[in-house]
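The structure under discussion appears below in the form of structure tokens.
We count residues from 1, following the sequence as given. Atoms within a ligand are numbered from 1 in the order they appear, just like the ligands themselves. As a basis for the values below, the full set of heavy atoms in this structure was taken, side chains included, without hydrogen atoms, waters or symmetry mates.
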Amino acid sequence: MPRFSRRSFLHLSAAAATASAFQFMTEPMLAAAARRKPHSADAVLIDSNENPLGPSQPAREAMAAILPRGGRYADELTDELVKTFAQMEGLDPDYVRVTVGSTPPLSLSVLAYTSPSRSYVTADPGFELGMNMAGHSGARVVKVPLTKTYAHDVKAILAAGSDAGLFYICNPNNPTGTMTPRADIEYLVANKPKDSIVVIDEAYIHFTEAESAIDLVKAGKDVIVLRTFSKVYGLAGIRCGLLIARPDISQKVMERGGFNFMPVTAMVAATASLKDATLVPERRRINASIRQQTMQWLDHNGFSYIPSESNCFMVDTKRPGQEVRDAMAKENVMIGRVWPIMPTWVRITVGTHDEMEKFQAAWLKVMRA
Ligand SMILES: Cc1ncc(COP(=O)(O)O)c(C=O)c1O
């Protein structure tokens, strides 16, 4: 019998009552579904918003050191991660749940808060995972175009979502990499219908200097903040995410099937990443510098793009974007997918200097062919 901490045991017993299995569509699955051909080992992968730097050195060392304990459930490592994050953010640890990336808590939030009579409201273009899950709950999907500055249009969102169960805000947004002002998020939270929830997905927040919405959770609002270790921390393949919400809200979400023991490697890697004070500022600087250089290059060569604050950006192909993806794939450069509302744009992930140089060479060849 594994040792259970009090917190984990309570989560387990509640979850066991209603646990069920659902199909999640993750970012790489979405990218792979859109990717036409299998890629070679030396392909440039700038299609899934991964971090080419991978785990930090402290995270690598922590994972190597924990391997001998891989035969144990070692649930106290999850508690240590919760404690570390809660202390850093000034949160009650009961407001933090650890998950296998942020794919499960986002999917389960949609199942918990939407239904045939409570719609799912999202930006367009926006991250598609929640829309796909709304198909499982039978909810109407309401897609609201971004504003001219590519922010979430909160007034239009509220007008379109009078029956909303869940409002999904991705800040910065995937795929555009653009921010929604804090005041707009506060307006949405203050004016949303009763019993609905606002999910604020902060998968990419560390690439910006923007303020997090965690204080809205602390203030007791109907808000879920999602974080992932897949982006700035470079742990996409290790899998760790966080759901931050009032305990009554996280309970409602996680009892849809969210409880599981966490991989020991992920727990120590995430904790070590949080404790490394240099990691976020250093990687934010690297990402911003390569992104700005790429944008200057696009300017210099006359290509239009949406200015981004994140690790991805959209470029105008002025022809069906899928054709450009296919042509780039032939050049061994895998670029991101196309959103139906912007059929002549593609999403590009910021890679390393070397990867972006290969991107530039392939892009010129394809676009000037
Ligand atoms: C906006 C957004 N949210 C959530 C996720 C889920 O990531 P993960 O499950 O790796 O934490 C992604 C993945 O790319 C994403 O782009």
Side-chain angles (χ1 to χ4, degrees), residues 22-35 45-52 54-55 59 81 85 96-110 120 122-134 146 150 152 166-180 198-208 210 212-213 224-244 253 257-258 260 262-263 265-267 269-270 273-274 287 308-314 334-337 339 347-351:
F22 293 96
Q23 174 84 38
F24 301 137
M25 280 292 271
T26 63
E27 171 71 32
M29 285 160 77
L30 292 161
R35 200 184 280 161
L45 300 180
I46 48 174
D47 58 343
S48 295
N49 289 356
E50 296 153 334
N51 191 332
L81 172 58
F85 183 78
V96 182
R97 297 287 187 100
V98 180
T99 54
V100 184
S102 58
T103 294
L106 173 53
S107 304
L108 297 171
S109 300
V110 176
Y120 174 81
T122 183
D124 197 13
F127 183 51
E128 310 95 318
L129 171 65
M131 304 179 213
N132 297 338
M133 283 317 283
L146 295 170
Y150 301 97
H152 289 69
L166 189 154
F167 295 95
Y168 175 69
I169 304 289
C170 189
N171 213 24
N173 190 42
N174 179 4
T176 50
T178 47
M179 293 299 300
T180 295
V198 179
V199 172
I200 304 171
D201 187 336
E202 295 188 341
Y204 302 95
I205 189 101
H206 296 105
F207 292 111
T208 78
S212 164
I224 294 173
V225 172
L226 297 178
R227 288 282 182 86
T228 177
F229 287 84
S230 296
K231 305 303 173 183
V232 86
Y233 295 111
L235 299 178
I238 311 293
R239 311 301 295 139
C240 187
L242 299 173
L243 180 155
I244 303 130
V253 171
N260 205 340
M262 300 297 298
T265 41
M267 295 305 90
S273 300
L274 288 179
N287 177 70
S308 154
E309 297 190 38
S310 187
N311 72 337
C312 65
F313 55 91
M314 296 203 80
M334 307 297 152
I335 59 168
R337 55 190 182 275
W339 270 253
R347 188 192 68 186
I348 312 288
T349 301
V350 177

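- Within the 4.0 Å heavy-atom cutoff, G241 does not count among the residues contacting ligand 1.
- Within ligand 1, the atoms closer than 4.0 Å to a non-hydrogen atom of G101 are 9 (O), 11 (O), numbered from 1 in the order shown.
- Checking side-chain atoms of R347 against main-chain N and O of T176 turns up no donor-acceptor pair under 3.5 Å.
- Contacts with ligand 1 closer than 4.0 Å are made by heavy atoms of both the backbone and the side chain of S102.
- Every atom of ligand 1 with a heavy atom of C170 under 4.0 Å away is listed here by number and element: 1 (C).
- The OG atom of S109 lies 10.0 Å from the CG atom of L129; values are rounded to the nearest 0.5 Å.
- The distance from atom CG of L226 to atom CG of L243, rounded to the nearest 0.5 Å, is 5.5 Å.
- Taking every non-hydrogen atom of R239 and a distance limit under 4.0 Å, the qualifying atoms of ligand 1 come out as 8 (P), 9 (O), 10 (O).
- The contact set between ligand 1 and K231, taken as ligand atoms under 4.0 Å from a residue heavy atom, comprises 13 (C), 14 (O).
- For the pair N171 and M179, the minimum side-chain heavy-atom distance is below 4.5 Å.
- Within the 4.0 Å heavy-atom cutoff, L106 does not count among the residues contacting ligand 1.
- Using a 4.5 Å heavy-atom cutoff, the side chains of R227 and S212 are in contact.
- Partners of S230 according to the side-chain hydrogen bond (donor to acceptor under 3.5 Å, both in side chains) rule, which considers only residues two or more places apart in sequence or in another chain, are T228, R239.
- Remark: distances from the non-hydrogen atoms of D201 to ligand 1 include one below 4.0 Å.
- Taking every non-hydrogen atom of S230 and a distance limit under 4.0 Å, the qualifying atoms of ligand 1 come out as 8 (P), 10 (O), 11 (O).
- For T349, the side-chain hydrogen bond (donor to acceptor under 3.5 Å, both in side chains) partners two or more places apart in sequence, or in a different chain, are N49.
- Contacts between T103 and ligand 1 below 4.0 angstrom, taking non-hydrogen atoms only, involve backbone and side chain alike.
- Y120 and Y168 have parallel rings, their planes meeting at less than 30° on a 0 to 90° scale where 60° marks the start of perpendicular.
- The shortest N or O to N or O distance between S48 and ligand 1 is not below 3.5 Å.
- Contacts with ligand 1 closer than 4.0 Å are made by no heavy atom of F229, backbone or side chain.
- Side chains of Y150 and M314 form no contact here, defined as non-hydrogen atoms less than 4.5 Å apart.
- Near Y168, the atoms of ligand 1 lying under 4.0 angstrom from a non-hydrogen atom of the residue are 1 (C).
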